Amino acid sequence: MRASRFFMPTLKETPSEAEVPSHIYLLRAGFIRKLAAGIYDFLPLGLRVLKKIENIIRKHMDEAGALELLLPILTPAELWKETGRWDVYGKELFRLKDRHDRDFALGPTHEETITDLVRKNIRSYKDLPFNFYQIQTKFRDEARPRYGLIRGREFIMKDAYSFDVSEEMAIKSYEIMKETYHRIFKELGLDYLMVEADVGAIGGKFSHEFVVLAANGEAHIVYCDNCGYAANVEAAKYEFELDKLPPEEEKPLEKVYTPDVKSVEEVAKFLGVDPKKIVKTLIYILDDGTAVAVVIRGDRELNETKLLNYFNALDAHLATQEELEKLGLIEGFVGPIGLDIPVYADKSVEDLHNFVVGANEKDYHYINVNIPRDFKPVEFVDFSTAREGDPCPNCKSPLKETTGLEVGHIFLLGTKYSEAMKAYFVDRDGREKPIVMGCYGIGVSRLMAAAVEQNHDENGIIWPENIAPFKLHILALNIKDEKIMKTAEEIYEKAKELGIEVLFDDRDLSPGAKFKDADLIGIPYRIVVGKTLKEGKVEFQKRATGEKELIELSKIDEMLKELAGG
RNA sequence: CGGAGUGUAGCUCAGGUGGCAGAGCACGUGCCUUGGGAGCACGGGGUCGCAGGUUCAAGUCCUGCCACUCCGACCA
């Protein structure tokens, strides 16, 4: 490709809207442009990268026996109503009406659509298993699109759905996808982790996320260097056994005056006790309106995902001051003793002795509280958010914490969708049974951003070789110099003949501008044809390391062949 | 959805107290120049986000709306 005939509008300055490296460089280097919040054009350079990523995914999905198809983006509301997600999905679902006033949605994911296809065409256990996938644009009306391609409202996703006759078989399909995802992310050349994850609103039995490690990631994960355990903090188990305080003799319960002392820190300081012996009482209002109290040790943070899962709720929020007042409670002094709403306890409170709680009376706390003498929780449950330093649930070593970008997520769905939509098959025993499903997503356009987050320097992008828009960048530094142009043209033609994807900068620009653009765009290998030609040499450079090597003209063929082969 | 902010040339931005619409970069033409975003000269380019109001006069003041960005909540 000749740069003079190519569309790669680069920007010298950072557009004011961009804050993170992937957004900045993808805009500046001419890979994407914004149309509206969270909606982007993919320019020729961007599309080339996208296609590379897609083809790597496609190759491994095909090898794993998955079948590619293409489902409609426009989906009728009836389908969503069958599974209840027309209501549950909420404002994130882009909705529209046709001329007859019928409701439709732009697909944010395709469990309903694929399940409809399968239920209409699968009758017997002999027809199964299947794994279908597609690579397609998805729509989600995000509350807050941000960071360019990282969180868009329109984005490209590979989604796959497996259909099996039993949970045992479905787990096999799931394991195959897990392995396939490892192969895909390895070939993409990214530093990633597979972590245990929460199933979230999509539902299902268990799930794993694939997270590309990046400073600007929205996923918080904990991992263990010792045994390899890794999990999203939402899903990570809290190994409370190793975090217990030593046992103590129970002391008599006492109410103490604590004027205007509310937060854990204030109470700990005022009473001169370890924050681990202050117990917070949090009042949550579940989506059905019921109030529950959760007690948790002062140094732990409650994990709302674990709370939602335990109560099987879709939504819950901390009680507001008004709601507390309605329940007769005083903010800052809420406690479990004598409370008439059910009290659930985090495991961090189990075996805790002589601790402090609010007294449900303004400016008073109880000290020397003990379970079950002073109050009795309904159950001890793991509600804690995992954090750095917590013991690993497998091997007890201290966990480490990091952030990353979720680029893949796999779920063992079970029969949630097949039952809701009556996708049954007749089994060997003549009985009708729901198909057991799994679903597997990869954020294709997000991966492009993730690759840049992980591979850039202060001058621009450094593409991993397998997804770079071109492999070789030839720079002719002065197009008015006939010798330079002739040599550069020859190298360009040879590279093309060898099947190397090559971008030839034959534009009439100053050398500086060409170097700056080349660094910005980030093509892995570069040949510079310029003043060294007087000595019969051209320069060979690697974008990643910046290392330069002078190559004799006679050795160029050899070098290109090596590039083409490698 | 709550809080904060921004909106002026393609981009980055300047335009106290209301009084002729600006700069740098980019773009066009010519000259000159070619190893890290060169130089000179001339030139083109504007619904000052939109609507309404106050005023002799609004980019500037007032009201409403829209868009975008950031923080938070939310997020297969």
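Computation of the quantities below employed the complete heavy-atom set of this structure, encompassing side-chain atoms and omitting hydrogens, waters and symmetry-equivalent molecules. Throughout, a chain's letter reflects where its sequence line sits, starting with A, and its residues are numbered from 1. What you see is a predicted model, and the numbers here were worked out from it, not measured in a lab.
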Exercise. Using a heavy-atom cut-off of under 4.0 Å over every strand shown, decide if A:Glu218 touches base, sugar-phosphate, or nothing.
Key: nothing
Quiz item: Base, sugar-phosphate, or nothing: which does A:Gly441 touch, judged by heavy atoms less than 4.0 Å apart?
Solution: nothing
Quiz item: With a non-hydrogen cut-off below 4.0 angstrom, is A:Ser207 in contact with a base, only sugar-phosphate, or nothing?
Solution: nothing
Quiz prompt | Sidechain N-carboxylate O distance under 4.0 Å for A:Arg119, A:Glu82 | solution = yes
Quiz item: Donor-acceptor pair, A:Arg153 side chain versus A:Ala37 backbone, under 3.5 Å?
Solution: yes
Practice problem: Determine the Euclidean distance between corresponding P atoms of B:rU6 and B:rG49; express it in Å to zero decimal places. | Solution: 13 Å
Exercise. Scan A:Asp517 against the nucleic acid and name what it touches under 4.0 Å (heavy atoms): base, sugar-phosphate only, or nothing.
Key: base
Self-check item: Distance-only donor-acceptor test, A:Asn478 side-chain atoms vs B:rG35 base atoms, 3.5 Å
Solution: no
Practice problem: Indicate, yes or no, whether a donor-acceptor pair under 3.5 Å links the base of B:rC74 to the side chain of A:Arg144. | Solution: no
Quiz item: Checking all strands, does A:Lys514 fall into the base, sugar-phosphate, or nothing category for heavy-atom contacts under 4.0 angstrom?
Solution: nothing
Self-check item: B:rU55 to B:rG19 separation - C1' atoms, rounded to the nearest Å
Solution: 12 Å
Quiz prompt | base_contact_polar (B:rG37 base, A:Arg507 side chain, donor-acceptor, <3.5 Å) | solution = no
Quiz item: Counting only side-chain N and O atoms of A:Thr532, is one of them less than 4.0 Å from OP1 or OP2 of B:rG35?
Solution: no
Quiz item: Which part of the nucleic acid, if any, lies within contact of A:Arg33, taking any heavy atom under 4.0 Å across all strands shown: a base, the sugar-phosphate backbone alone, or nothing?
Solution: nothing
Exercise. With heavy atoms under 4.0 Å as the rule, sort A:Glu17 into base, sugar-phosphate or nothing.
Key: sugar-phosphate
Quiz item: Across the strands shown, which category fits A:Leu509 at heavy-atom distances under 4.0 angstrom: base, sugar-phosphate, nothing?
Solution: base
Exercise. Could you go through the ring pair (Phe, Tyr, Trp, His ring centres under 6.0 Å) check for A:Phe206 and A:Tyr174 one step at a time?
Key: CA-CA 10 Å; A:Phe206 55 84; A:Tyr174 184 89; 5.0 Å; yes
Quiz prompt | Nearest-nucleotide pick for A:Pro511, side chain only, options being B:rC71, B:rG37, B:rU34 | solution = B:rU34
Quiz item: So, are A:Glu175 and A:Lys178 salt-bridged, with charged N and O less than 4.0 Å apart?
Solution: yes
Quiz item: Step by step, would you call A:Asn303 with A:Glu234 a side-chain hydrogen bond (donor to acceptor under 3.5 Å, both in side chains)?
Solution: CA-CA 6 Å; A:Asn303 179 335; A:Glu234 289 182 349; over 6 Å; no
Exercise. Classify the nucleic acid contact of A:Glu209 as base, sugar-phosphate or nothing, counting any heavy atom under 4.0 Å across all strands shown.
Key: nothing
Practice problem: Determine the contact category for A:Leu520: base if any of its heavy atoms lies under 4.0 Å from a base atom, sugar-phosphate if only primed atoms, P, OP1 or OP2 are that close, otherwise nothing. | Solution: base
Exercise. Can you check whether any acceptor in the base of B:rU33 is under 3.5 Å from a donor in the side chain of A:Lys480, or vice versa?
Key: yes
Quiz item: Which part of the nucleic acid, if any, lies within contact of A:Ala37, taking any heavy atom under 4.0 Å across all strands shown: a base, the sugar-phosphate backbone alone, or nothing?
Solution: sugar-phosphate
Quiz item: Checking only heavy atoms, does the side chain of A:Lys531 share a donor-acceptor pair with the base of B:rU34 at less than 3.5 Å?
Solution: no
Exercise. Using a cut-off of strictly less than 4.0 Å, decide whether A:Tyr147 has a side-chain nitrogen or oxygen near OP1 or OP2 of B:rC71.
Key: yes
Quiz prompt | Distance, C1' atom - from B:rC61 to B:rG18, rounded to whole angstrom | solution = 8 Å
Practice problem: May I ask you to evaluate whether A:Ser510 reaches the phosphate of B:rA38, defined as a side-chain N or O under 4.0 Å from OP1 or OP2? | Solution: yes
Practice problem: Describe the nucleic acid contact of A:Pro9 in one word from base, sugar-phosphate, nothing, applying a heavy-atom distance below 4.0 Å. | Solution: nothing
Quiz prompt | Ionic contact status for A:Asp481 with A:Lys483, cut-off 4.0 Å | solution = no
